[in-house]
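Within every chain, numbering begins at 1; the chains are lettered A, B, ... in the order of the sequence lines, protein sequences first and strands thereafter.
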Number of protein chains: 2
Amino acid sequence: MNIGEAARTSGVSAKMIRYYEQIKLIDPPQRTETSYRTYGENDIHTLRFIRRARDLGFSVEQMKTLLALWRDRSRASADVKAIALDHIAQLEHKAAAIAAMMKTLKHLAGHCHGDDRPDCPILDDFAEAPDENSPHLPPRFGLSGLA
Amino acid sequence: MNIGEAARTSGVSAKMIRYYEQIKLIDPPQRTETSYRTYGENDIHTLRFIRRARDLGFSVEQMKTLLALWRDRSRASADVKAIALDHIAQLEHKAAAIAAMMKTLKHLAGHCHGDDRPDCPILDDFAEAPDENSPHLPPRFGLSGLA
DNA sequence: CTTGACCTTCCCATGATTGGAAGGCTTATC
DNA sequence: GATAAGCCTTCCAATCATGGGAAGGTCAAG
């Protein structure tokens with residue numbers, strides 16, 4: 001099976017398959033005489049595993065560990081669970097940050113009449129809030145990419 | 001006030017101030033004879049506005065529009081509100097995606113005994129779920145950066 | 001005049017992903 | 001056998017917001 005078909009059957013784009021190979025998340029597959037990559041059952045299985053993990057928000061680094069554990073028949077399930085719990089904690093952190101933003105924004109939007117007049121509590125807040133209570137943390141405290 | 005002090009008083013790093021200038025989010029400030037940037041009251045005010053908007057998750061593009069509306073004394077508050085509501089919708093979308101991931105992960109983790117044995121429902125799910133019900137959407141459907 | 005703390009510009013890295021260009025291969029059709 | 005469509009290959013660039021660092025100029029205090 002060439003890379004296009006592998007992409008279709010695994011749900012991972014050809015671009016990403018090549019990328020995952022490059023960063024050594026997956027092993028280089030066999031090649032035809034003319035340098036075409038060929039994928040077999042096992043490869044597709046692995047790609048599907050990756051696709052599933054990625055859809056659940058795991059990073060490439062986490063997936064590397066998960067794949068290693070998957071292949072290690074003598075792994076301890078505790079190791080897998082620890083990664084999952086850690087990831088859940090990260091997601092919770094992000095969810096909390098988003099919830100906080102939404103709370104503020106909904107409050108502000110709720111007080112903005114939203115008509116032709118220029119008067120706007122949202123802009124007023126942006127302009128006036130000197131940000132006293134939330135001291136200057138490192139920007140976005142790990143929330144990059146959420147906007 | 002030079003860029004370091006402006007960074008300290010506005011909560012926006014010097015690096016980012018220069019970047020915002022480069023991408024024309026803010027106007028080039030005055031310079032001393034020796035090319036040092038100097039910032040005044042208005043500039044700090046603008047930087048604080050940006051800091052506040054950024055903390056609420058607005059993208060640079062959205063901030064461009066918000067700044068333009070802020071400076072336009074004849075703006076319609078509806079225009080501001082529309083941006084805010086749009087952003088809230090985006091945040092809600094992300095929150096929903098995160099909640100869905102967490103739900104699945106918590107379920108899987110809850111069924112993993114997490115001890116020395118290799119048996120692990122988490123890995124089993126990753127390996128077996130052929131992803132039938134959720135058809136192949138464009139990867140992460142706009143969730144890049146959440147991992 | 002030296003030292004240290006600033007400032008300047010420029011380039012590079014991040015993470016996951018997409019896009020495209022330039023060129024080779026395969027397959028089906030004429 | 002030629003041709004065209006549709007694959008494949010590698011390489012390079014862009015995204016978004018941010019940080020890191022080098023090489024060199026400047027400023028204030030000792």
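- Where A:R31 and B:Y19 each meet DNA chain D at their nearest nucleotide, the meeting point lying more 5' is that of A:R31.
- Among residues at least two apart or in separate chains, there is no ring pair (Phe, Tyr, Trp, His ring centres under 6.0 Å) pair with a member in residues 7-31 of chain B.
- Judged by distance alone, the side chain of A:E128 and the main-chain N or O of A:D125 form no donor-acceptor pair under 3.5 Å.
- Spacing between atom CD of B:Q62 and atom P of D:dA17 amounts to 9 Å, rounded to whole angstrom units.
- Among A:R52, A:M63, A:R48, the one residue that satisfies the side-chain contact (heavy atoms from CB on, under 4.5 Å) test with B:F126 is A:R52.
- Taking atom CZ on A:F58 and atom P on C:dA16, their separation rounds to 13 Å, with Å as the unit.
- Applying the salt bridge (Lys or Arg N to Asp or Glu O under 4.0 Å) criterion to A:K64, with sequence neighbours excluded, gives A:E61.
- Atom CD of A:Q22 is separated from atom P of C:dT18 by 15 Å (rounded to the nearest Å).
- The stretch residues 71-80 of chain A participates, sequence neighbours left out, in these side-chain hydrogen bond (donor to acceptor under 3.5 Å, both in side chains) pairs: A:D72-A:S74, A:S77-B:H113, A:S77-B:D115.
- Within the structure, no pair that satisfies the side-chain hydrogen bond (donor to acceptor under 3.5 Å, both in side chains) test touches residues 22-31 of chain B, not counting sequence neighbours.
- With sequence neighbours excluded, no residue forms a side-chain hydrogen bond (donor to acceptor under 3.5 Å, both in side chains) with A:K15.
- Note on the helix from C:dC1-D:dG30 to C:dC30-D:dG1: angle between the axes of the first and last five pairs equals 30°, rounded to 10 degrees.
- In this structure, B:Y36 has no ring pair (Phe, Tyr, Trp, His ring centres under 6.0 Å) partners at least two apart in sequence or on a different chain.
- When rounded to the nearest whole Å, the span between CE of A:M16 and C1' of C:dG19 equals 14 Å.
- Remark: A:E5 engages no residue in a salt bridge (Lys or Arg N to Asp or Glu O under 4.0 Å) (not counting sequence neighbours).
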I'd like a table of atom pairs between the protein and nucleotides 21-23 of chain D - only N or O on both sides, under 3.5 Å - with the distance next to each one.
residue, atom, partner, partner atom, Å
D:dG21, O6, B:K15, NZ, 2.3

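- Residue B:R37 is in sugar-phosphate contact alone, with no base atom involved, counting any heavy-atom pair closer than 4.0 Å across all strands shown.
- Between D:dC8 and A:N2, a contact under 4.0 Å exists linking OP1 or OP2 to a side-chain N or O.
- Residue order along DNA chain C, read from the 5' end via each residue's closest nucleotide, puts B:E5 first among B:E5 and A:Y20.
- Taking 4.0 angstrom as the limit, A:R54 places none of its side-chain polar atoms (N or O) nearer than this to OP1 or OP2 of C:dA16.
- When atom types are taken as modelled, the side chain of B:R51 and the backbone of B:G11 share a donor-acceptor pair closer than 3.5 angstrom.
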Pairs: protein N or O with nucleotides 27-30 of chain D N or O, under 3.5 Å:
residue, atom, partner, partner atom, Å
D:dC27, OP1, B:T34, OG1, 3.0

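- Nucleotide D:dC7 holds its C1' atom 11 Å from the CD1 atom of A:I3, rounded to whole Å.
- The interatomic distance linking B:I23 (CD1) with D:dA14 (P) rounds to 16 Å, in whole Å.
- When the ring pair (Phe, Tyr, Trp, His ring centres under 6.0 Å) test is applied to A:Y39, no partner is found at least two apart in sequence or on another chain.
- Taking side-chain N and O atoms only, B:S35 has no distance below 4.0 Å to OP1 or OP2 of C:dC7.
- Rounded to an integer number of Å, the gap from A:I17 CD1 to D:dT10 P is 13 Å.
- The nearest whole Å value for the distance from the NZ atom in A:K94 to the C1' atom in C:dG15 is 11 Å.
- When the ring pair (Phe, Tyr, Trp, His ring centres under 6.0 Å) test is applied to A:H111, the partners found at least two apart in sequence or on another chain are A:H107.
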